[in-house]
Every structure is written in structure tokens, then in C-alpha cells.
Amino acid sequence: MGHGGDVIAELTTDHREIKDLFKQISDTFPGSDDRKRLVDVLTIELVRHFVAEEEFLYPAVRKHLGEGDALADKELAEHARVEQLLADLQQREPADLDFDRLVVKLYTEVTAHVYDEENHLFPRLRNGVHSYVLEELGNKVRQAKKTAPTRPHPGAPSTPPVNKLLAPGLGMVDRVRDYLSGRGQ
């Protein structure tokens with residue numbers, strides 16, 4: 001959940017972990033409880049990652065990069081699509097006919113999002129933002145992931161200041177629900 005380094009290193013490491021979770025999911029037997037458990041773990045990691053980006057990365061993109069508003073809006077739209085897929089998956093059992101179809105669609109969306117960030121957004125950040133700012137953002141992202149929600153909330157605000165106010169409360173409720181249900185363990 002927290003890896004160290006600047007915001008680009010932190011989020012890139014998250015991307016590798018998410019990719020590994022997709023691999024583990026593809027290696028499990030369709031319809032198995034293991035597949036559902038792994039999708040729950042993936043959901044937890046994606047939601048935490050997205051919340052941290054929405055709280056700190058995208059506001060920095062808006063502030064420091066030319067065309068930052070358009071870039072951040074594009075990323076937020078991608079998050080919204082993924083979060084809706086995650087919410088849909090939460091309502092399915094692994095034996096449901098469309099469970100695997102939703103996983104494939106999720107994989108496609110997330111892979112495209114990661115590619116775009118790593119090949120377009122992150123290089124622009126590296127070139128356009130002082131390394132000190134990137135380090136501070138890395139610290140803020142790590143802290144945000146500790147209290148972030150663990151379940152998709154597609155209707156929740158995704159921009160500051162409201163998201164920063166709601167996320168810790170939603171995160172606490174989600175973690176209690178996860179603990180009581182054994183989800184993500």
C-alpha cells in the first residue's frame with residue numbers, strides 16, 4: 001500500500017501490483033471463490049489508488065501542467081468508468097455468467113488507464129514539476145491510501161475539497177465492513 005519514493009514511483013509500483021493481481025485472477029479457475037477473493041483484493045487496491053490520485057495527483061496536474069484541467073478531467077472520467085465496473089462486480093458472484101466478462105472489461109479499462117498515465121501523464125509531471133513537489137505528493141498519496149475507502153463509491157465526489165472530507169469517513173466504514181465480512185483477507 002505504501003512503497004516510498006516520489007508520487008510517480010509510488011503510483012507506478014501500485015500499477016505493477018495491480019497488474020500482478022490481474023495475472024493471479026487469470027490464473028484461477030473461473031467461478032472459484034479464489035477468483036472472487038482476488039477481485040475483492042484488486043478492488044481494494046484500485047479504490048485506494050484512485051482516491052489518492054483524486055485527492056492529490058490530479059489537483060497537482062491542474063495546478064502545474066499546461067492543459068492540466070483537461071488532463072485531470074480525462075483521468076477522472078476513466079476512474080468513473082472503472083469504479084462503476086468495480087461496483088457492478090461487487091454485485092456478482094464468480095459463477096455468474098457476466099462475472100468474467102466484467103473482469104475482462106475491467107482489465108481493458110485499467111490497462112489503458114495505466115498505459116496512459118505511465119506514457120503520457122507521468123513524463124509530463126517528471127518534466128514539469130519540481131522533484132520536491134513530486135516527493136511531497138508521494139508522501140501525501142501514501143497517507144491518503146491508509147484512510148481511503150476500500151469499496152467503490154461511484155456517486156461520491158472525486159474532486160477537492162469534498163472528496164478529501166468524505167474519503168476518511170467512507171474508508172473507516174468500508175474497513176469495518178471488510179473486517180466483519182472477512183473481505184480482502
Side-chain angles (χ1 to χ4, degrees), residues 1-24 41-86 106-154 156-172 174-175 178 184:
M1 183 167 51
H3 313 292
D6 70 15
V7 69
I8 295 170
E10 179 73 21
L11 296 175
T12 300
T13 301
D14 284 355
H15 292 167
R16 297 301 156 264
E17 290 175 354
I18 289 165
K19 181 180 177 182
D20 183 58
L21 283 167
F22 274 117
K23 171 82 168 92
Q24 290 178 51
V41 172
L42 175 67
T43 299
I44 290 167
E45 294 308 316
L46 278 170
V47 170
R48 286 177 176 165
H49 177 87
F50 282 4
V51 167
E53 285 184 334
E54 291 166 5
E55 287 183 4
F56 297 104
L57 178 68
Y58 300 143
V61 167
R62 290 180 193 283
K63 179 179 178 180
H64 295 286
L65 297 182
E67 301 174 18
D69 286 338
L71 289 168
D73 289 344
K74 177 184 173 297
E75 300 295 328
L76 289 169
E78 291 172 3
H79 280 198
R81 285 193 306 272
V82 169
E83 200 155 349
Q84 186 57 59
L85 286 169
L86 292 171
L106 178 67
Y107 175 80
T108 302
E109 288 283 339
V110 170
T111 301
H113 178 73
V114 166
Y115 179 86
D116 185 54
E117 280 189 344
E118 291 184 1
N119 291 285
H120 300 108
L121 182 61
F122 291 173
R124 289 185 71 180
L125 282 169
R126 180 74 63 211
N127 292 328
V129 179
H130 193 280
S131 62
Y132 175 79
V133 173
L134 295 177
E135 286 291 332
E136 285 300 309
L137 285 171
N139 292 330
K140 289 177 180 179
V141 162
R142 277 185 288 286
Q143 287 304 116
K145 287 192 288 184
K146 291 178 183 177
T147 60
T150 61
R151 295 170 183 260
H153 298 277
S158 59
T159 56
V162 179
N163 67 340
K164 288 183 182 182
L165 295 172
L166 290 179
L170 288 172
M172 183 174 66
D174 286 353
R175 283 187 298 285
D178 292 345

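- Residues Glu17 and His49 have side chains that never bring a donor and an acceptor to within less than 3.5 angstrom of each other.
- The CD atom of Glu109 sits 6.0 Å away from atom CG of Leu85, with the distance rounded to the nearest 0.5 Å.
- Of the charged side-chain nitrogens involved, none lies within less than 4.0 Å of a carboxylate oxygen, so that Arg48 and Asp14 do not count as a salt-bridged pair.
- Once rounded to the nearest 0.5 Å, the distance linking OG1 of Thr13 with CD1 of Ile18 reads 11.0 Å.
- Ionic pairing of Lys140 and Glu136 is not present here: no N-O contact between side-chain nitrogen and carboxylate oxygen is shorter than 4.0 angstrom.
- By the 6.0 Å contact criterion, OH on Tyr107 is open, its count of non-hydrogen atoms from other residues, nucleotides or ligands being 12 or less.
- The aromatic rings of His120 and Tyr115 sit perpendicular to each other, their planes meeting at more than 60°, with 30° as the lower class boundary.
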(Q) Pair Ile8, Arg126 - check side chain to side chain contact (heavy atoms under 4.5 Å, CB included), show working. (A) CA-CA 8 Å; Ile8 295 170; Arg126 180 74 63 211; 3.5 Å; yes
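- Side chains of Gln24 and Asp20: a donor-acceptor N/O pair is present below 3.5 angstrom, by distance only.
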Q) Would Val47 and His153 count as a side chain to side chain contact (heavy atoms under 4.5 Å, CB included) if you check the C-alpha gap in whole Å, the side-chain angles of each, and the deciding distance to 0.1 Å? A) CA-CA 9 Å; Val47 170; His153 298 277; 5.6 Å; no
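- Residues Leu21 and Leu42 come closest through the heavy atom pair CD1-CA, 3.8 Å.
- A heavy-atom distance below 4.5 Å is not found between the side chains of Val7 and Phe56.
- Separation of atoms NZ (Lys74) and OH (Tyr58) is listed at 9.0 Å; rounding is to 0.5 Å.
- Counted by atom type alone, His79 and Glu75 present zero donor-acceptor pairs between their side chains at under 3.5 Å.
- The shortest distance between side-chain heavy atoms of Val110 and Lys19 does not fall below 4.5 Å.
- A distance of 9.5 Å separates CG in Asp6 from CZ in Phe122, rounded to the nearest 0.5 Å.
- Of the N and O atoms on the side chains of His130 and His64, not one donor lies less than 3.5 Å from an acceptor on the other residue.
- Taking each heavy atom of Pro59 and Glu54 in turn, the nearest pair found is CD-O, 3.4 Å.
- The neighbour count for Glu118 CD, taken as heavy atoms of other residues, nucleotides or ligands under 6.0 Å away, is above 12.
- Considering Val114, Leu121, Asn119 in turn, Leu121 is the only one that fulfils the side chain to side chain contact (heavy atoms under 4.5 Å, CB included) rule with Glu117.
- Contact check for Glu10 versus Leu137: no side-chain heavy atoms found under the 4.5 Å cut-off.
- With rounding to the nearest 0.5 angstrom, the NZ atom of Lys145 is 9.0 Å from the CD atom of Glu53.
- Atom CG in Leu125 sits 6.0 Å away from atom CG in Leu57 (nearest 0.5 Å).
- Side-chain N/O atoms of Gln143 and Lys146 include a donor and acceptor closer than 3.5 Å.
- Across Pro149 and Leu170, no two heavy atoms sit closer than the pair CG-CB, 3.7 Å.
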(Q) With side chain to side chain contact (heavy atoms under 4.5 Å, CB included) as the criterion, how do Thr43 and Thr150 come out once you've worked through the C-alpha distance, each side chain's angles and the decisive distance to 0.1 Å? (A) CA-CA 7 Å; Thr43 299; Thr150 61; over 6 Å; no
